[in-house]
Chemist: 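Pasting a structure here, questions to come.
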Amino acid sequence: MSHSYSKIFMHLILCTKYRNDLINCNIEAELYEKIKTLIEKDVENKVLMINGLEDHIHVLFKMNSNCNIPEIVKNVKGATAYWINHNSLITEKFVWQTGFRIFSVSEEMLPKIINYIRGQKVKKEYE
């Protein structure tokens with residue numbers, strides 16, 4: 001519908017299987033870029049911030065109301081695990097933990113969530 005408007009912000013958390021420290025400094029920047037590209041595949045999705053530690057990542061994004069969250073997560077997890085393993089970017093097999101955590105975020109809470117994510121190990125902010 002051309003007269004519809006939505007503003008939905010989501011905070012996604014993905015963990016490595018068994019919370020193993022698999023996301024090292026050699027792959028994290030490229031991993032974050034790949035995740036950004038996969039989420040923004042739908043032109044109305046916009047990644048605002050990605051950051052994390054060796055065993056999990058946080059992604060804050062504005063979501064198109066027509067998107068299917070489980071499908072987005074499935075694509076992100078599948079494509080990134082394949083990319084890491086296919087290119088032998090780490091010494092052991094990379095696997096994401098089953099499931100995910102996702103929370104809706106009000107526009108008023110965005111600065112707090114951005115600061116929280118920024119406080120993780122390495123900052124990657126998208127404008």
Side-chain angles (χ1 to χ4, degrees):
M1 295 192 296
S2 63
H3 300 292
S4 298
Y5 176 77
S6 67
K7 209 173 200 182
I8 304 167
F9 299 98
M10 304 303 289
H11 178 189
L12 172 66
I13 303 165
L14 299 175
C15 299
T16 60
K17 190 167 186 175
Y18 306 121
R19 298 291 297 253
N20 289 335
D21 291 345
L22 301 177
I23 305 169
N24 63 47
C25 61
N26 297 325
I27 68 167
E28 63 192 353
E30 249 187 301
L31 175 62
Y32 296 169
E33 285 297 325
K34 290 208 173 291
I35 291 170
K36 178 183 183 296
T37 300
L38 290 162
I39 290 175
E40 291 183 348
K41 191 175 184 179
D42 180 325
V43 294
E44 293 184 41
N45 289 340
K46 177 74 176 147
V47 172
L48 305 174
M49 170 86 67
I50 300 177
N51 204 356
L53 296 170
E54 292 84 1
D55 65 348
H56 72 279
I57 62 164
H58 297 261
V59 183
L60 178 66
F61 65 100
K62 182 176 176 267
M63 186 181 85
N64 175 350
S65 62
N66 295 322
C67 284
N68 178 316
I69 292 171
E71 191 66 29
I72 290 172
V73 174
K74 177 183 169 188
N75 290 340
V76 166
K77 288 168 68 173
T80 55
Y82 175 81
W83 167 71
I84 292 169
N85 292 321
H86 183 75
N87 293 295
S88 302
L89 299 178
I90 61 175
T91 56
E92 55 191 293
K93 183 176 180 183
F94 186 93
V95 181
W96 290 109
Q97 186 176 67
T98 301
F100 57 92
R101 290 164 179 75
I102 194 159
F103 306 93
S104 60
V105 177
S106 69
E107 193 166 12
E108 295 78 27
M109 289 297 293
L110 284 177
K112 277 189 168 190
I113 301 300
I114 288 170
N115 283 334
Y116 174 76
I117 295 172
R118 184 179 283 134
Q120 302 292 310
K121 184 177 157 196
V122 176
K123 173 176 87 165
K124 186 64 179 178
E125 188 167 352
Y126 301 97
E127 297 174 11

Chemist: Tell me whether Asn64 contacts the main-chain N or O of Asn66 through its side chain, where contact means a donor paired with an acceptor under 3.5 Å.
Modeler: yes
Chemist: Which class fits the ring pair His86 and Tyr82: parallel under 30°, tilted 30 to 60°, perpendicular over 60°?
Modeler: parallel
Chemist: Measuring from atom OG1 of Thr16 to atom CG of Asp55, what distance do you get when rounded to the nearest 0.5 angstrom?
Modeler: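 Thr16 atom OG1 to Asp55 atom CG measures 5.0 Å (nearest 0.5 Å).
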Chemist: With sequence neighbours excluded, tell me which residues meet ring pair (Phe, Tyr, Trp, His ring centres under 6.0 Å) with His11.
Modeler: His58
Chemist: Supply the atom-to-atom distance Glu92 CD to Leu22 CG, rounded to the nearest 0.5 angstrom.
Modeler: 5.0 Å
Chemist: For Leu60 and Leu110, run side-chain contact (heavy atoms from CB on, under 4.5 Å): C-alpha distance rounded to whole Å, both residues' side-chain angles, the deciding distance at 0.1 Å, then the answer.
Modeler: CA-CA 9 Å; Leu60 178 66; Leu110 284 177; 3.9 Å; yes
Chemist: Hey, quick one: are Phe100 and Ile8 part of the same hydrophobic cluster, counting side-chain heavy atoms closer than 4.5 Å, chains of contacts allowed?
Modeler: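 The answer is yes; both residues are in one hydrophobic cluster.
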Chemist: Does a side-chain heavy-atom distance below 4.5 Å link Leu38 with Thr80?
Modeler: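 They are in side-chain contact.
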Chemist: Look only at the side chain of Asn85 and the backbone of Phe94, and say whether a donor-acceptor pair between them is shorter than 3.5 Å.
Modeler: yes
Chemist: CD1 of Ile113 to CE of Met10: how many Å apart, nearest 0.5 Å?
Modeler: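 Atom-to-atom, Ile113:CD1 and Met10:CE are 11.5 Å apart.
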Chemist: State the CE-CG distance between Met63 and Asn68, to the nearest 0.5 angstrom.
Modeler: 9.0 Å
Chemist: Give a yes or no on whether Arg101 atom CZ has more than 12 heavy-atom contacts from other residues, nucleotides or ligands under 6.0 Å away.
Modeler: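 Not buried by this count: 12 neighbours or fewer within 6.0 Å.
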Chemist: As an exercise, state the distance from CD1 of Ile50 to CZ of Phe61, rounded to the nearest 0.5 Å.
Modeler: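 Reported to 0.5 Å precision, the distance equals 10.0 Å.
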Chemist: Donor-acceptor pair, distance only, cut-off 3.5 Å: does the side chain of Asn24 make one with the backbone of Asn26?
Modeler: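 Present.
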Chemist: So if you build clusters from Ile, Leu, Val, Met, Phe, Trp, Tyr with side-chain heavy-atom gaps below 4.5 Å, do Val73 and Ile13 land together?
Modeler: no
Chemist: So, Lys41 side chain and Ile72 main chain: donor-acceptor pair closer than 3.5 Å or not?
Modeler: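 Checked: no pair found.
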Chemist: Do His56 and Gln120 come within less than 4.5 Å of each other through their side chains, counting heavy atoms only?
Modeler: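 Yes; the side chains approach each other to less than 4.5 Å.
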Chemist: Quick check on side-chain contact (heavy atoms from CB on, under 4.5 Å): which of Ile69, Val59, Val76 does Leu12 satisfy it with?
Modeler: Val59
Chemist: For the residue pair Leu89 and Trp83, establish whether any side-chain heavy-atom pair is separated by less than 4.5 Å.
Modeler: yes
Chemist: Can you hop from Ile27 to Leu53 via hydrophobic side chains spaced under 4.5 Å?
Modeler: no
Chemist: Using a 4.5 Å cut-off on heavy atoms from C-beta on, say whether the side chain of Asn115 contacts that of Arg118.
Modeler: yes
Chemist: Among Ile, Leu, Val, Met, Phe, Trp and Tyr joined by side-chain contacts under 4.5 Å, find the other residues sharing a cluster with Tyr18 and list them by chain and number.
Modeler: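 Hydrophobic cluster check, Tyr18: no partners found.
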Chemist: Got a donor-acceptor contact below 3.5 angstrom from the Tyr32 side chain to the Ile57 backbone?
Modeler: no
Chemist: Do Met49 and Phe103 sit in the same hydrophobic cluster, where Ile, Leu, Val, Met, Phe, Trp and Tyr count as joined when their side-chain heavy atoms come under 4.5 Å apart?
Modeler: no
Chemist: Between Asp21 (side chain only) and Glu54 (backbone N and O only), is there a donor and an acceptor less than 3.5 Å apart?
Modeler: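 No; zero donor-acceptor contacts below 3.5 Å.
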Chemist: Does Ile102 belong to the same Ile/Leu/Val/Met/Phe/Trp/Tyr cluster as Ile35, with side-chain heavy atoms less than 4.5 Å apart forming each link?
Modeler: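 In one cluster: yes.
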Chemist: Do side-chain atoms of Lys77 reach the backbone of Thr98 as a donor and acceptor pair under 3.5 angstrom?
Modeler: no
Chemist: In Å, rounded to the nearest 0.5 Å, how long is the span from OG of Ser6 to NZ of Lys62?
Modeler: 6.0 Å
